[in-house]
Amino acid sequence: MDERYAQVARNLNKAKDIAIYCHTNPDGDTLSSSLALYSALKNLGKQVSIYCDGPVPTKFHCLSGYENIAFPHKGVHELAVSVDCASIDRLGQCMKSFLSAKTQIAIDHHASFARFAELCLVDAQAAACAQIIYKLLKQMKAVDDQIAKLLFAGIVTDSGCFAYSSVTKETHQIACELLDYDFNGSDVIYDVFRSSDLNKFNLKCRVLEKIKFYSDNQIAIIVFNKADFEATGTDTSYTEGIIAEVIAIEDVKVAYSLAEVGNKSYKVSIRTKDKLVDAADIAMNMGGGGHKAAAGCRVNGYLEDIIEKLLKYANDRL
């Protein structure tokens, strides 16, 4: 693994024109990690572009440099780097631009990672991709106050503010090293993890009121439909984190969140806290992926049919 970090560092140091790619429907980890890498490479005098198939959620406008994230132009880059993408389809419409680069690197932390680049830097034990980016930039001696703040934000968001089972001793050690830099950790936690606007609060109240429980309350399902978004002035980006309140219910072992993203099309988030139920396994059965306790997928079909499948997968494993 140490040699893999060195190999990626050599490629980054050698390249002059580098493009960085976040995953579609970006979360705090892909954004923070990508922006940290972007800032570090700019500081090294590189020509750097940063892309995403989709807008940056308002919640993450606190991240330094977010306004530089764009949709790819038609040019071909020397080196393309995907950040926090478990599979090529997570790049969305940025896929063509990524593959057109002369060289590709994938940096990821998902157990379900499917190799799609020439060089892959993957650590499934990392609680966040930000951990990997930190170790890479530390080796390159390219971490400063702004970069440290971004990476801390990435770890906070993807670790559930250090509450998820994916958090390890190394996660805390890296967080401690980052906090040695000049930024306020409490402010970062509030901005990217705790803060919520009124529209999201209204959406949460509306959806949780309709929650349904199955199998002696071991399985819980919440559904965000078009009417919910219209009534609260929100969109799918506002669903982030609400499922955490469902899986926190004592009896619930598997929680599903289904958000309507189009006609008969749903974004499914899966959270588990039972050793018998692997969230990534369920997601992979439906064309997605992720981690043991947190995963997701995009599914097309009638809502009732999708729920029936999800219930069967959970019940079979329980």
Step by step, work out the side chain to side chain contact (heavy atoms under 4.5 Å, CB included) result for R298 and V261.
CA-CA 9 Å; R298 182 72 66 89; V261 294; 3.7 Å; yes
Applying side chain to side chain contact (heavy atoms under 4.5 Å, CB included) to F152 and I189, what does each step give before you reach the verdict?
CA-CA 9 Å; F152 184 75; I189 290 172; 4.0 Å; yes
Audit row: F224, I242, side chain to side chain contact (heavy atoms under 4.5 Å, CB included) steps and yes/no:
CA-CA 11 Å; F224 301 85; I242 295 178; 3.9 Å; yes
For K149 and D145: C-alpha separation, side-chain torsions, deciding distance, then whether salt bridge (Lys or Arg N to Asp or Glu O under 4.0 Å) applies.
CA-CA 6 Å; K149 183 178 180 180; D145 293 336; over 6 Å; no
Run the side chain to side chain contact (heavy atoms under 4.5 Å, CB included) check on V252 and F213 step by step: do they pass?
CA-CA 8 Å; V252 175; F213 296 94; 3.8 Å; yes
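Closest non-hydrogen pair, C297 versus A283, comes out as CB-O, 4.1 Å. Taking every heavy atom of both residues into account, A40 and A142 meet most closely at CB-O, 3.8 Å. I243 and S269 get closest at one heavy-atom pair: CD1-O, 3.5 Å. Residues F116 and C85 come closest through the heavy atom pair CE2-O, 3.5 Å. What you find for A117 and I105 is that their closest heavy atoms are CB-C, 3.9 Å. Residues S100 and G75 come closest through the heavy atom pair OG-O, 4.4 Å.
In this structure, C52 SG and I20 CD1 are separated by 12.5 Å, a value rounded to the nearest 0.5 Å. Summarising the geometry, atom CZ belonging to F193 is positioned 10.5 Å from atom CD belonging to E240; distances are rounded to the nearest 0.5 Å. With rounding to the nearest 0.5 angstrom, the CG atom of L119 is 10.5 Å from the CD atom of Q104. If you take CD1 on I50 and SG on C22, they are separated by 4.5 Å, rounding to the nearest 0.5 Å. Atom OG1 of residue T157 and atom CG of residue D29 lie 5.5 Å apart, to the nearest 0.5 angstrom. Rounded to the nearest 0.5 Å, atoms NZ (K96) and NZ (K74) are 8.0 Å apart.
The hydrophobic cluster containing Y181 also contains L179, counting ILVMFWY residues as joined when their side-chain heavy atoms lie under 4.5 angstrom apart, directly or transitively. Taking hydrophobic clusters as Ile, Leu, Val, Met, Phe, Trp and Tyr residues chained together by side-chain heavy-atom distances below 4.5 Å, L37 shares a cluster with L44. One hydrophobic cluster holds both I270 and L303 under the rule that ILVMFWY side chains link at heavy-atom gaps under 4.5 Å. Tracing side-chain contacts under 4.5 Å through hydrophobic residues (I, L, V, M, F, W, Y), one never reaches M284 starting from L311; they form parts of separate clusters. In the hydrophobic clustering of ILVMFWY residues, with side-chain heavy atoms under 4.5 Å counting as a link, L258 and I222 come out apart.
Distance alone, capped at 3.5 Å, is enough to place a donor-acceptor pair between the R4 side chain and the C120 backbone. With E260 contributing its side chain and Y266 its backbone, the two residues share no donor-acceptor pair below 3.5 Å. Using a distance-only test at 3.5 Å, with no hydrogens or angles considered, no donor-acceptor pair links the side chain of Y134 to the main chain of I174. Judged by distance alone, with hydrogens and angles left aside, the side-chain atoms of N13 form a donor-acceptor pair with the main-chain N or O of A9 at under 3.5 Å. In this structure, the side chain of K292 does not engage the main chain of A279 through any donor-acceptor pair within 3.5 Å. Checked by atom type and distance alone, the side chain of D281 never pairs as donor or acceptor with a backbone atom of V277 at under 3.5 Å. Listed for the N11 side chain is no donor-acceptor partner under 3.5 Å among the backbone atoms of V8. Under the 3.5 Å distance criterion, the side-chain polar atoms of S82 are left unmatched by any main-chain donor or acceptor of F98. Using modelled atom types, no side-chain atom of Q7 and backbone atom of E3 make a donor-acceptor pair closer than 3.5 Å. No donor-acceptor distance shorter than 3.5 angstrom exists from the side chain of E78 to the backbone of A101, with no hydrogens or angles considered.
The existence of a salt bridge linking K204 and E245 is confirmed by a sub-4.0 Å separation between a basic side-chain nitrogen and an acidic carboxylate oxygen. Between K102 and E118, none of the side-chain N atoms (NZ, or NE/NH1/NH2) sits under 4.0 Å from a carboxylate O, so this pair counts as no salt bridge. Using a 4.0 Å cut-off between charged nitrogen and carboxylate oxygen, K46 and D17 do not count as a salt-bridge pair. Ionic pairing of K138 and E177 is present here: one or more N-O contacts between side-chain nitrogen and carboxylate oxygen are shorter than 4.0 angstrom. Of the charged side-chain nitrogens involved, none lies within less than 4.0 Å of a carboxylate oxygen, so that K59 and D191 do not count as a salt-bridged pair.
Counting heavy atoms from C-beta on, the side chains of I132 and V83 never come closer than 4.5 Å. Annotation: side chain of Y313 is in contact with side chain of N285 (closest heavy-atom distance under 4.5 Å). Side-chain contact check for M286 versus K309: some heavy-atom pair is nearer than 4.5 Å. Residues L31 and P57 have side chains in contact (heavy-atom distance under 4.5 Å, counting atoms from C-beta outward).
Of the N and O atoms on the side chains of Q125 and T168, not one donor lies less than 3.5 Å from an acceptor on the other residue. A donor-acceptor pair shorter than 3.5 Å can be found between the side chains of S215 and N315. N300 and S265 share a side-chain donor-acceptor pair at under 3.5 Å.
By the salt bridge (Lys or Arg N to Asp or Glu O under 4.0 Å) test, D216 pairs with no residue at all, sequence neighbours left out.
Identified under the side-chain hydrogen bond (donor to acceptor under 3.5 Å, both in side chains) test for residues 34-45, with sequence neighbours left out: S39-Q146, N43-D144.
Between H61 and Y66, the ring planes lie parallel to each other; the angle is under 30°, not in the 30° to 60° tilted range. Ring geometry, H109 versus H291: the interplanar angle falls from 30° to 60°, so the pair is classed tilted.
Atom CZ of F71 has more than 12 neighbouring heavy atoms from other residues, nucleotides or ligands inside a 6.0 Å radius. Within 6.0 Å of NZ on K273 lie more than 12 heavy atoms contributed by other residues, nucleotides or ligands. Within a 6.0 Å radius of CD in E67, more than 12 heavy atoms belonging to other residues, nucleotides or ligands are found. Counting non-hydrogen atoms of neighbouring residues, nucleotides and ligands closer than 6.0 angstrom, the NZ atom of K226 reaches no more than 12 such neighbours. For CD of Q139, the number of neighbouring non-hydrogen atoms (other residues, nucleotides, ligands) closer than 6.0 Å is greater than 12.
Between H77 and Y21, the ring centre distance reaches or exceeds 6.0 Å.
Checking L91, D53, T30 one by one against T24, the side-chain contact (heavy atoms from CB on, under 4.5 Å) holds for a single residue, D53. Exactly one of I107, L121, I155 qualifies for a side-chain contact (heavy atoms from CB on, under 4.5 Å) with I133. That residue is I107.
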